[in-house]
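Bear in mind the structure is a predicted one, so any value in this text is a computation, not a measurement. FYI, side chains are in, hydrogens and waters are out, and symmetry mates aren't considered; it's all heavy atoms of this structure.
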Amino acid sequence: MGRSFRYLLAAATSANLADGMLLAGAPLLAITLTRDPALVSLVGVATTLPWLLLALHAGAIADRSDRRRIMVLTSFVRAAALAATAAAVAMDALSMPLLVAILLVAGACEVFNDTSAQSIVPMTVGKESLGRANGRIVAAQTIGNNFVGGPAAALLVGVAPMAVFGAPALLYTAAGLLLLGMRGAFTPAKVSTAPLRADIATGLRYLMRHRTVRDLAIGAGVLNLCNAAYFAVFVLWAVGEESAIGMTSGQYGVVMAVLAAGAVTGSLLANRLADLFGENRTLLTVCTLNSLTLLVPVLVPVVPAVYVTAALLGVSGAATNVLIVSLRQRIIPGELLGRVNAAYRLIGMGGQPVGAALGGVVGGLAGLQVVFVGAVVMCLAVMPLVSRALARKAVPVAV
């Protein structure tokens, strides 16, 4: 793999370390401001709502622009926004409205950045190397998001809350500078001159006609909605003296590290498992394992059980991600990759803010166990759809 991919991988590592600090730090900061499940769940809503609002536009723009330039710009915008927020925290001005607002800005940048990032990988490696490249990207994402970022944020919340925003600002700056080191052309060979709305419609039409990609998107949408509901309130179940498990912030950071260790393992083993057992069987197995594992800390609310859960979730979630992303990159034509990926992720991730809000409301009205068990039941209910999608031939369709 050449220079451009190495710089892309380094930038992904830096940016995802920043993502991980925000992912772990934001809910931990939120529970220092309020213990209301509905208000805490706003952290999850703000993080994911931009996918619902902006995904289609991000895909269309990625298919008619320099994808590296988009990633550089969004890296620097996030850096500036978080630096300003760190200054506000230093002046003891952090509030839930400010926290939600900065997460909305960071989330909007993530939509454009990640859509371009998934579309740029095939421009840096050959098709025969996509599985290995995506495995390394997912491993880098996991190491940054959880293995380092999560524990670091958990530590900083109690020691230097300002650094929960200041450190990611520096890391996003580094990611932008690393992306500038890539060499080559990163604008699609065939650039549409049609109106943006027409480009968006083309991506949606392709996805809806391709039964495999469409049904996998629907399955991902249900799974992500349920997981968003679950994890929007899980911190209330796990952290604090009044929680069911009674973890400290430091122990919660260790959970993130264990999750990351499992995810790195899963991302690096995904293609080997697919070679041994077949791609379809491996995907269905890891998806089902991921859903069932969510029951463990509910049935056994003790710290060691949470660590086991994190490891299993890491392995199964990362393996699923590597195999699904590689499958999409092989199926979808390069000039449509941004738009169809965006349409896929709109369906796949657009339900996350709804799920996060639903988790907060249901958790407040009926209790956290109802949220957790309901999420698992819905995840298992969608498995037949995923199975049917994988059983079909993944043949491209006409636009």
Side-chain angles (χ1 to χ4, degrees), residues 45-75 77-78 103-123 130 134 185-225 228 321 324-356 385 389 394-399:
V45 173
T47 302
T48 55
L49 182 61
W51 282 104
L52 184 62
L53 301 179
L54 300 172
L56 294 177
H57 293 82
I61 291 171
D63 279 347
R64 60 169 65 197
S65 307
D66 185 323
R67 291 163 176 170
R68 183 189 64 165
R69 186 175 299 169
I70 294 171
M71 296 171 69
V72 170
L73 178 61
T74 54
S75 296
V77 168
R78 283 185 285 188
L103 291 174
L104 284 169
V105 172
C109 289
E110 182 183 27
V111 173
F112 285 90
N113 188 283
D114 286 10
T115 300
S116 295
Q118 283 200 355
S119 303
I120 207 173
V121 172
M123 305 174 86
L130 281 175
N134 285 315
F186 302 103
T187 303
K190 298 178 182 178
V191 177
S192 172
T193 57
L196 197 64
R197 182 178 298 179
D199 276 357
I200 291 172
T202 299
L204 285 169
R205 186 164 57 249
Y206 183 97
L207 182 139
M208 296 308 295
R209 289 179 179 177
H210 199 297
R211 295 170 64 190
T212 297
V213 180
R214 181 195 64 207
D215 289 353
L216 287 176
I218 294 170
V222 175
L223 293 172
N224 284 326
L225 183 149
N321 193 19
I324 289 290
V325 170
S326 299
L327 176 64
R328 293 205 312 268
Q329 289 172 343
R330 289 196 307 269
I331 293 173
I332 302 166
E335 68 273 12
L336 290 173
L337 195 52
R339 282 167 282 176
V340 181
N341 268 336
Y344 182 99
R345 299 188 81 175
L346 173 66
I347 298 171
M349 301 182 68
Q352 286 186 331
V354 177
L385 177 66
V395 177
V397 297
V399 178

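Judged by the 6.0 Å and 45° rule, Arg339 forms no cation-pi pair with Tyr206.
In terms of modelled atom types and a separation under 3.5 Å, the side chain of Asn224 and the main chain of Ala220 share a donor-acceptor contact. Although no hydrogens or angles enter the test, the distance criterion places a donor-acceptor pair under 3.5 Å between the side chain of Gln329 and the main chain of Gln118. Here the side chain of Asp199 pairs no donor or acceptor atom with the backbone of Ala60 at under 3.5 angstrom. Under a 3.5 Å cut-off, the side chain of Ser65 and the backbone N or O of Ala62 do not form any donor-acceptor pair.
Within the 4.5 Å cutoff, no side-chain heavy atoms of Val77 are placed close to those of Phe112. The closest side-chain heavy-atom distance from Arg67 to Pro188 is below 4.5 Å. Under the 4.5 Å side-chain criterion, counting only non-hydrogen atoms from C-beta, Trp51 is in contact with Asp114. The side-chain heavy atoms of Leu346 and Leu52, taken from C-beta on, include a pair separated by under 4.5 Å. When side chains are defined from C-beta on, Ile331 counts as touching Val213, because their heavy atoms get closer than 4.5 Å.
Taken from CD1 in Ile347 to CG in Leu56, the straight-line distance is 8.5 Å, to the nearest 0.5 Å. Here CG of Leu207 is found 11.0 Å from CG of Leu336. Values are rounded to the nearest 0.5 Å. With values rounded to the nearest 0.5 angstrom, Asp215 atom CG is found 11.0 Å from His210 atom NE2. Rounding to the nearest 0.5 angstrom, the gap separating the CG atom in Leu223 from the CG atom in Leu216 is 10.5 Å. Of the inter-residue distances, the one linking Leu73 atom CG with Asp66 atom CG reads 11.5 Å to the nearest 0.5 angstrom. Here the CD1 atom belonging to Ile61 is positioned 10.0 Å from the OG1 atom belonging to Thr115, to the nearest 0.5 angstrom.
Nearest heavy-atom pair, Leu104 versus Ala46, reported as atom, atom and distance to 0.1 Å: CD2-O, 3.5 Å. Pairing each heavy atom of Ala342 with each of Gly59, the nearest pair is CB-CA, 3.4 Å. Nearest approach of Ile120 to Arg68, heavy atoms of both residues: CD1-N, 3.7 Å.
Checked against side-chain hydrogen bond (donor to acceptor under 3.5 Å, both in side chains), Ser119 has no partners two or more places apart in sequence or in another chain. Checked against salt bridge (charged side-chain N to carboxylate O under 4.0 Å, His left out), Arg78 has the following partners two or more places apart in sequence or in another chain: Asp19.
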What's the verdict on side chain to side chain contact (heavy atoms under 4.5 Å, CB included) for Arg64 and Leu196, showing C-alpha distance, side-chain angles and the deciding distance?
CA-CA 9 Å; Arg64 60 169 65 197; Leu196 197 64; 3.9 Å; yes
